[in-house]
Student: 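I have a structure here, written as structure tokens, and I will follow up with some questions on it.
Note that ligands are numbered from 1 as they come in the structure, with each ligand's atoms numbered from 1 the same way. Just so we're clear, the structure is a prediction, and the values are computed from it rather than from any experiment.
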Amino acid sequence: MLTLVNSPSPDQQNMARDLTEVFYRQMYTIRKVEQNLLDLFAQGYITGTVHTSMGQEACDVGVVNSLDRSKDIIFSNHRAHGQFLAYCDDVEGLIGEIMGKETGVCLGIGGSQHIHRENMYTNGVQGGIVPNAVGAALAEKIKGTGAITVVFLGDGTMGEGVVYESFNIASLWSLPVLFLLIDNGIAQSTPKHLEHAGELETRAMTFAIDSASIEADDVNKVYSTACEVVNKVREHSRPFFLHVKAARLGPHSKGDDTRSKEEIESLKQKDPLLKISESLPVGLRMEIEQKIDVRIQTAVEKAMLASHPGLEQLRRV
Ligand SMILES: Cc1ncc(C[n+]2csc(CCOP(=O)(O)OP(=O)(O)O)c2C)c(N)n1
């Protein structure tokens, strides 16, 4: 784990600054791509649905960067654009995919919720992909690759029975899987207190799974905790449950936010993008933002001009 406190050496200070810059690039990219997606949806260029991770970028970036991208496997749900961009930075592939174009990472067939690239898989059925992560962890353990799997889930999904069956098998068979709960306190329009009895933080403990709980407003903190947890899962081949408390700043999907303006305004105090932006020099930040804005604009224009997949491509899938 990177130690960024207690009188850091000049090398550590440089590393921390470099990391902050990398994290800011990734988080700003995620935020801007998703703002563009909501605009494109409102203008009728996207059909189906779009769930954004606005406000949750520190969790996506902190966790994905703690993994070994060459072998670890990511499973996720309907709200995975941020994790996908942190994983592979394929802005063009994501925008093309969500616009249903053949330039998309899955030829425009998977859309926002069903994305696959290399070692990352997403699925929109709540909880449905959790046992897949456990199965993949079993496979990696048998093969002896040293890879771990991570599966992202939301607080609402903690109401699905299959999650608990997955906890049980992962613990019983001692599998290297990280259950990553992004607790934004709301499932579509249902606040957590109307859905769950007791505390979510401690749910996995009864299955003898080690657990921790953190806030997702500071990407450096999420990253250092995630590094520690990932090492633990890998080293001991044991599951871990990391509860990350985050704020959903956007609607559930598109424009369907049932929360009051006051509630959303108070959540903005915890905006992780704002927090990290304050730690960078203004000039550097503007330079970064300008380049990313141009890149996203170009990706949108390219996707606009691209074709939808033809029958031949669909038959090959
Ligand atoms: C089995 C199933 N039931 C219902 C839905 C519809 N649905 C999609 S997302 C969602 C809320 C999920 O809430 P949560 O797990 O807290 O994740 P968040 O949206 O907050 O990221 C619902 C009810 C679904 N996709 N799958």
Side-chain angles (χ1 to χ4, degrees), residues 27 30-31 33-34 37-38 41 46-64 74-87 94 98 110-115 120-133 150-167 178-201 203-204 213-217 222 241-260 263-264 267-268 270-272:
M27 290 169 68
I30 296 168
R31 180 71 58 97
V33 165
E34 295 203 305
L37 291 174
L38 287 178
F41 196 96
I46 293 175
T47 53
T49 190
V50 172
H51 303 92
T52 70
S53 45
M54 292 190 296
Q56 303 182 175
E57 296 92 343
C59 180
D60 294 346
V61 165
V63 172
V64 172
I74 301 172
F75 293 87
S76 192
N77 57 15
H78 55 288
R79 202 177 297 286
H81 306 158
Q83 293 134 27
F84 176 83
L85 291 172
Y87 176 59
L94 183 68
I98 295 170
S112 165
Q113 300 189 81
H114 301 103
I115 304 170
M120 177 164 183
Y121 306 84
T122 77
N123 186 278
V125 178
Q126 270 184 276
I129 209 161
V130 183
N132 297 56
V150 56
V151 57
F152 289 88
L153 46 153
D155 47 280
T157 304
M158 293 298 285
E160 297 287 341
V162 73
V163 171
Y164 301 91
E165 294 178 41
S166 302
F167 285 167
L178 170 58
F179 297 100
L180 203 298
L181 172 61
I182 304 186
D183 180 355
N184 58 25
I186 187 165
Q188 197 151 356
S189 54
T190 308
K192 193 168 65 172
H193 71 273
L194 292 182
E195 188 184 358
H196 298 293
E199 300 299 327
L200 296 184
E201 287 88 323
R203 286 288 206 266
S213 182
I214 52 168
E215 293 274 342
D217 56 343
V222 177
F241 179 76
L242 184 58
H243 170 261
V244 183
K245 206 162 177 306
R248 193 192 84 196
L249 295 184
H252 169 69
S253 64
K254 306 157 292 182
D256 53 352
D257 209 329
T258 49
R259 298 169 298 178
S260 69
E263 187 180 348
I264 297 167
L267 289 175
K268 284 184 184 163
K270 293 186 174 174
D271 185 350

Student: Tell me which one of E160, H252, R248, Q56 gets a heavy atom nearest to atom 9 (S) of ligand 1.
Tutor: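 Going through E160, H252, R248, Q56 one by one, H252 has the nearest heavy atom to atom 9 (S) of ligand 1.
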Student: Taking 4.0 angstrom as the limit, do D257 and R259 come out as a salt bridge?
Tutor: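 Salt bridge: yes.
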Student: Number the atoms of ligand 1 from 1 as they appear, then name those within less than 4.0 Å of a heavy atom of G154, with their elements.
Tutor: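 Answer, ordered by atom number: 14 (P), 15 (O), 16 (O), 17 (O).
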Student: Should the pair D271-R31 be classified as a salt bridge under the 4.0 Å nitrogen-to-oxygen rule?
Tutor: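 Salt bridge between D271 and R31, a charged N being under 4.0 Å from a carboxylate O: yes.
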Student: Return the closest protein heavy atom for atom 14 (P) of ligand 1 as residue, atom name and distance.
Tutor: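 The closest heavy atom on the protein side is G156 N, 3.5 Å.
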Student: Please work out which of H51, M158, H78 has its closest non-hydrogen atom nearest to atom 18 (P) of ligand 1.
Tutor: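 When every heavy atom of H51, M158, H78 is considered, H78 comes closest to atom 18 (P) of ligand 1.
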Student: If you measure from NE2 on H252 to CD1 on I186, what distance do you get to the nearest 0.5 Å?
Tutor: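 If I round to the nearest 0.5 Å, the distance is 9.5 Å.
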Student: For atom 21 (O) of ligand 1, what is the nearest protein heavy atom, given as residue, atom name and distance?
Tutor: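 Protein heavy atom at minimum distance: R79 NE, 2.7 Å.
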Student: Nearest to atom 15 (O) of ligand 1, what protein heavy atom do you find, and at what distance?
Tutor: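 Atom 15 (O) of ligand 1 sits closest to the protein heavy atom T157 OG1, 2.6 Å.
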Student: Taking atom types as modelled, is there a side-chain donor on E34 or S53 under 3.5 Å from an acceptor on the other?
Tutor: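 Yes, because at least one side-chain N or O of E34 sits under 3.5 Å from a partner of the opposite role on S53.
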Student: Could you list the donor-acceptor pairs under 3.5 angstrom formed by side chains in residues 159-167, with sequence neighbours left out?
Tutor:
unit_1, atom_1, unit_2, atom_2, d
Y164, OH, M158, O, 2.5
Y164, OH, R203, NE, 3.4
S166, OG, V162, O, 2.8

Student: Quick test: of every protein heavy atom, which one is nearest to atom 25 (N) of ligand 1, and how far off is it to 0.1 Å?
Tutor: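 Checked against all protein heavy atoms, atom 25 (N) of ligand 1 sits closest to G124 O, 2.8 Å.
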Student: What is the nearest protein non-hydrogen atom to atom 12 (C) of ligand 1, stated with its residue, atom name and distance?
Tutor: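 Sorting protein heavy atoms by distance from atom 12 (C) of ligand 1 puts Q126 NE2, 3.4 Å first.
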Student: Short N/O distance, under 3.5 Å, between V125 and ligand 1?
Tutor: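 Among all N and O atoms of V125, none is under 3.5 Å from an N or O of ligand 1.
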